[in-house]
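Residue numbers run from 1 in the order of the sequence given. These values consider heavy atoms only, across backbone and side chains, with no hydrogens, waters or symmetry-generated copies.
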Amino acid sequence: MLIGYMRVSKADGSQVLDLQKDALLAAGVNEERIYSDNQSGSRHDNRPGLINCLKALQPGNTLVIWKLDRLGRSLKDLVNITLELNEKNIGLKVLTGQGAQIDTTTAHGRLVFGIFAALAEFERELISERTKAGLAAARARGRMGGRPRKMDLPTLKMAMAAMNDRASVAKDVAKKLNISTATLYEYVNGDGSPKEQAIKLLKQ
């Protein structure tokens, strides 16, 4: 059974789902089995349509999407979702865009996705290494003596990298960076993306 998912980034009507819906229908997905989201969300737990879609998928089903960026907002997010599908014996098929060769129900498609997975793992290792190196440098400069009153650029970059890991706990990240949890959330969202204050600091 084919089950489709589609998403637009804005809910104000400036983007529509028609193009994605037509592509899913042409691929053989029944209209009643198409799920959608009309809002922006960097994590799939912020997208109710995706949550319901993943719940509806059963072993042997195939999830059909228009483009890779409709499913995941980052390479890590995309890989995590697809690995979860694979563990449940659920296929993934991408209709167009850079990921059009991905169809995990075929040997070639699994090979292509395997390359993506390897790159995502490499990216995670790099982020982890940078975070550890940054924390060590901060300790060497004596920054562990007391919490700074405000965020500085090096701390902000480490905070964004650390929070980008879905397994991170804000309280632990703040403690390691020697800042308060309130300060962390003043600058960084739960997914590691910068808030308005952080954007201003990054531009300095």
Please check: side-chain N/O of [X] versus main-chain N/O of [Y], any donor-acceptor pairing under 3.5 Å?
| X | Y | answer |
| --- | --- | --- |
| Asn189 | Gly192 | no |
| Gln20 | Arg7 | yes |
| Asn61 | Gln58 | yes |
| Arg47 | Leu71 | yes |

Is there a path of hydrophobic side-chain contacts, each under 4.5 Å between heavy atoms of I/L/V/M/F/W/Y residues, joining [Y] to [X]?
| X | Y | value |
| --- | --- | --- |
| Leu25 | Leu95 | yes |
| Leu19 | Leu24 | no |
| Leu54 | Ile3 | yes |
| Met160 | Leu153 | yes |
| Val169 | Val173 | no |

Minimum heavy-atom distance between [X] and [Y], given as atom pair plus value:
| X | Y | answer |
| --- | --- | --- |
| Gly91 | Leu85 | O-CD1, 4.5 Å |
| Val64 | Ala27 | CG1-CB, 4.4 Å |
| Ala159 | Val188 | CB-CG2, 4.1 Å |
| Tyr35 | Gly49 | CB-O, 3.7 Å |

ask   = Are side-chain heavy atoms of Met163 and Leu184 found at a separation under 4.5 Å?
value = yes

Measure the [atom1]-[atom2] distance between [X] and [Y] for me, rounded to the nearest 0.5 Å.
| X | Y | atom1 | atom2 | value |
| --- | --- | --- | --- | --- |
| Met151 | Lys195 | CE | NZ | 10.5 Å |
| Leu201 | Tyr187 | CG | OH | 6.5 Å |
| Thr62 | Leu57 | OG1 | CG | 9.0 Å |
| Lys67 | Met6 | NZ | CE | 15.5 Å |
| Lys157 | Asp152 | NZ | CG | 10.5 Å |
| Lys176 | Ser168 | NZ | OG | 7.5 Å |

request  = Take atom NZ of Lys171 as the centre, draw a 6.0 Å sphere, and report whether it contains more than 12 heavy atoms from other residues, nucleotides or ligands.
outcome  = no

Positive for side-chain contact (heavy atoms from CB on, under 4.5 Å) with Cys53, one of Ile65, Asp37, Ile34, Leu63 = Leu63

key: Leu50 vs Tyr5, side-chain contact (heavy atoms from CB on, under 4.5 Å): CA-CA, chis, key distance, verdict   = CA-CA 7 Å; Leu50 179 59; Tyr5 173 72; 3.7 Å; yes

